[in-house]
Amino acid sequence: MTTAVPPLLPAAERTRLDRWRDALLATPRGMRLWRWLAPTLVTLLAAVLRLIDIGDPHQLVFDETYYVKDAWSQWVLGFPSTWPDGADASFAAGDTDVFTGIGSYVVHPPLGRILIGAGMALLGPDSATGWRISAAVFGTLTVLVIYLFARTLTGSLPLATVASGLFAIDGLGIVLSRIALLDIFLTFFVALTFWFVALDHRRSGERLAALVAARGGEPPMWGPILWNRPWLLAAGAAAGAATAVKWSGLYVIAAVGIYAVVSDALARRRAGVGQWPMDAVRQGLASFVLLVPVAVVVYVSSWSGWLFTNGGWMRGTPVAATGIWGWVPEPLRQLWAYHQEMYNFHVGLVTPHSYASPAWQWPLLIRPTSMYWHQDDAGVNGCTLPTGCTEAISSIANPIIWWAGVAASLFLLVRFVMVRDWRYALVLTGLAATYVPWLLYPERTIFQFYTVAMLPFLVLALAFALREIARGVRGGSRAGGQIVVLAFLALCVVVSAFWYPVWAGLPVPYEFWRLHNWLPTWI
């Protein structure tokens, strides 16, 4: 996609900030420079925040006790293995090969563990940095993908920089990138999926309009079926990868499929296709073929280690080859039986947990998850603070970014109803796919940190809302709106700086940690 030089505003409407922007971007050379410099700087910022002292604490925190050990045994054996009692301490001490070799029952697909295992293979399984490096890399790349997604949606360098910058400094994205859990990998592939959908929307819309126009004369009754849609194929592969990390990726596949069908239908209506509803059905079948099979291939491929070895969970359990199963190879029958077990686990998970948070609480940020908490007296374990050291890792989002993002999402919904902008629809689709399904399981044990998959769409909604404010709303001046936006962004940076020690597990005085408990439910 080529980027034109942005138009200059009339002199009477230009504020000082506008003149500064115009000076930076008004020439092709300046535009090319900032097209590379802006994403580079924001990605480097994200990398620094995610990599500083990532190996501390050198112990398995929260659910790392499952994912790190399972990832390493899977990397070595091809499938996750069970571990003896006390394996966490042994693993942290460097005794990383004490797994039993007996297949372990795990309830998530393999791709996230494969990626964690790759980092451990690169830097060593006895290094906490090795456990977490893959999460840090993918968390950093998510920032870049959000930038590219925003640029594709709007062509606006400032909006893309703001959206990706907000994700870069937000605590939820930072913490999930500094701990070896699955959710940051899911978030990366979800954001990648929607970026590819945005690229497909632009390309397919332009091709449809050109093909219809090329026919000349009266508007056609039937439009062309577009098979050459590589970005939709890429979206299917990315969504398949998301599902291969966590099953919640299935909702993303469904959401982008619905979005593709609806947007194609509206594009054919705008192009003047006479039978556009039925024509959209024809195109929808083609889009299904492009989107879903590649997702299935990516998903099943992630299980190759389990399929091509014999020691994984249920690999030794015969599954009768009756009825339609007669022609299916036994490993695939066992895989299907395994998936039935996984499904039963997920729908029946109601184990009480002190940090469980049902989805209706998520927008209010009522119960963030504490991942780690530790205290040392002065002089113990290297603590140099006279009042003692408190180390905490809370996966709470930056409260200002989070609450403003939720409000901005409601604003974006209203704006979409008013102007029917496809860009708003795509952002809202992503938000719905990553949030609404969790409302269907009010009794299930789920956590606030799952919302990291929502965060790319919240910061995009917030960036759209800030752009409207900067333009001046309800007759307000542009200068006043821009000052409000700059003040808000400065506040976000200050709050992130205040929270960063509690996101990164840095040693702080106990009273400093207490200052972060704005609500009693945050403790």
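Qualifying salt bridge (charged side-chain N to carboxylate O under 4.0 Å, His left out) partners for Asp88, counting only residues two or more places apart in sequence or in other chains: Lys69. By the side chain to side chain contact (heavy atoms under 4.5 Å, CB included) test, Asp97 is found to be paired with Trp72, Phe99, residues two or more places apart in sequence or in another chain being considered. Residues satisfying the side chain to side chain donor-acceptor pair (under 3.5 Å) criterion with Tyr338, sequence neighbours excluded, are absent altogether. For Tyr510, the side chain to side chain contact (heavy atoms under 4.5 Å, CB included) partners two or more places apart in sequence, or in a different chain, are Trp373, Gln375, Thr390, Trp513, Arg514. With sequence neighbours excluded, the residues that form a side chain to side chain contact (heavy atoms under 4.5 Å, CB included) with Tyr435 are Ala359, Trp362, Pro363, Leu439, Met454.
Contact between Ile393 and Trp503 at its shortest, heavy atoms only, is CG2-O, 3.6 Å. When all heavy atoms are compared, the tightest approach of Ala38 to Leu157 is CB-CD2, 3.8 Å. Residues Tyr147 and Thr161 share a closest heavy-atom pair of CE1-OG1, 3.6 Å. Between Ala238 and Leu192, the closest heavy-atom pair is CB-CD2, 4.1 Å. Between Pro125 and Phe91 the shortest heavy-atom distance is O-CE2, 3.4 Å. The heavy-atom pair separating Ile253 from Gly240 by the smallest distance is CD1-N, 4.5 Å.
With hydrogens and angles ignored, the 3.5 Å screen pairs a side-chain donor or acceptor of Arg178 with a backbone N or O of Ile52. Judged by distance alone, the side chain of Ser395 and the main-chain N or O of Val175 form no donor-acceptor pair under 3.5 Å. Judged by distance alone, the side chain of Arg132 and the main-chain N or O of Gly119 form no donor-acceptor pair under 3.5 Å. Formation of a donor-acceptor pair under 3.5 Å by the Thr43 side chain with backbone atoms of Thr40 is not found in this model. Counting only distance, with no hydrogens or angles, the side chain of Asp170 and the backbone of Ala397 share no donor-acceptor pair below 3.5 Å. Side-chain atoms of Ser104 never come within 3.5 Å of backbone atoms of Val106 as a donor-acceptor pair (strictly under, hydrogens ignored). The backbone N or O of Ile133 sits nowhere less than 3.5 Å from a side-chain atom of Arg50 that would complete a donor-acceptor pair. Tyr251 contributes no side-chain N or O that, together with a main-chain N or O of Val436, makes up a donor-acceptor pair within less than 3.5 Å. Looking at Glu391, its side chain never comes within 3.5 Å of a backbone N or O of His374 through a donor-acceptor pair. Between the side chain of Asn398 and the backbone N or O of Val495, no donor-acceptor pair lies under 3.5 Å.
Using modelled atom types and a 3.5 Å distance limit, the side chains of Trp83 and Tyr66 yield no donor-acceptor pair. Gln361 and Arg367 form no side-chain donor-acceptor contact under 3.5 Å, judged by distance and modelled atom types alone. Judged by distance alone, the side chains of Thr100 and Thr82 do bring a donor and an acceptor atom under 3.5 Å apart. Judged purely by distance below 3.5 Å, without hydrogens or angles, the side chains of Gln334 and Arg315 pair a donor atom with an acceptor atom.
Ring geometry for Trp518 versus Trp499: interplanar angle over 60°, hence perpendicular rather than tilted (30 to 60°). By the 30° and 60° cut-offs, the orientation of the rings of Trp303 relative to Trp306 is perpendicular. Note on ring orientation: taking the six-membered ring where Trp is involved, the planes of Tyr259 and His201 are tilted (angle from 30° to 60°).
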Exercise. Could you go through the side-chain contact (heavy atoms from CB on, under 4.5 Å) check for Thr429 and Phe194 one step at a time?
Key: CA-CA 9 Å; Thr429 298; Phe194 278 86; 4.1 Å; yes
Exercise. Kindly indicate, with the supporting measurements, whether the criterion side-chain contact (heavy atoms from CB on, under 4.5 Å) is fulfilled by His108 and Trp247.
Key: CA-CA 7 Å; His108 293 295; Trp247 276 4; over 6 Å; no
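When Val245, Val145, Val452, Val252 are each tested for a side chain to side chain contact (heavy atoms under 4.5 Å, CB included) with Val190, only one passes: Val252.
If you look at Tyr105 and Trp313, their ring centroids are closer than 6.0 Å. The distance between the ring centers of Phe62 and Tyr355 does not fall below 6.0 angstrom. Aromatic pair His339/His346: ring centres not closer than 6.0 Å. Residues Phe512 and Phe498 bring their aromatic ring centres within 6.0 Å.
Remark: Asp200 engages Arg229 in a salt bridge, criterion side-chain N to carboxylate O under 4.0 Å.
Rounded to the nearest 0.5 Å, atoms CD1 (Ile116) and CH2 (Trp131) are 12.0 Å apart. One distance of note links CE of Met371 with CD1 of Ile396; it measures 12.0 Å at 0.5 Å rounding. Taking CZ from Phe79 and CG from Asn310, the interatomic distance works out to 8.5 Å, rounded to the nearest 0.5 Å. One distance of note links CG of Leu49 with OG of Ser177; it measures 10.0 Å at 0.5 Å rounding. Within the model, atoms OG1 of Thr193 and CH2 of Trp195 stand 11.5 Å from one another, a figure rounded to the nearest 0.5 Å. In this structure, the separation between CG on Asp85 and OG on Ser90 is 10.5 Å, given to the nearest 0.5 Å.
Sorted by first and then second residue, the pairs that involve residues 339-383 and meet disulfide (SG to SG under 2.5 Å), not counting sequence neighbours, are Cys383-Cys389.
The number of heavy-atom neighbours closer than 6.0 Å to CG of Asp377, taken from other residues, nucleotides and ligands shown, is 12 or below.
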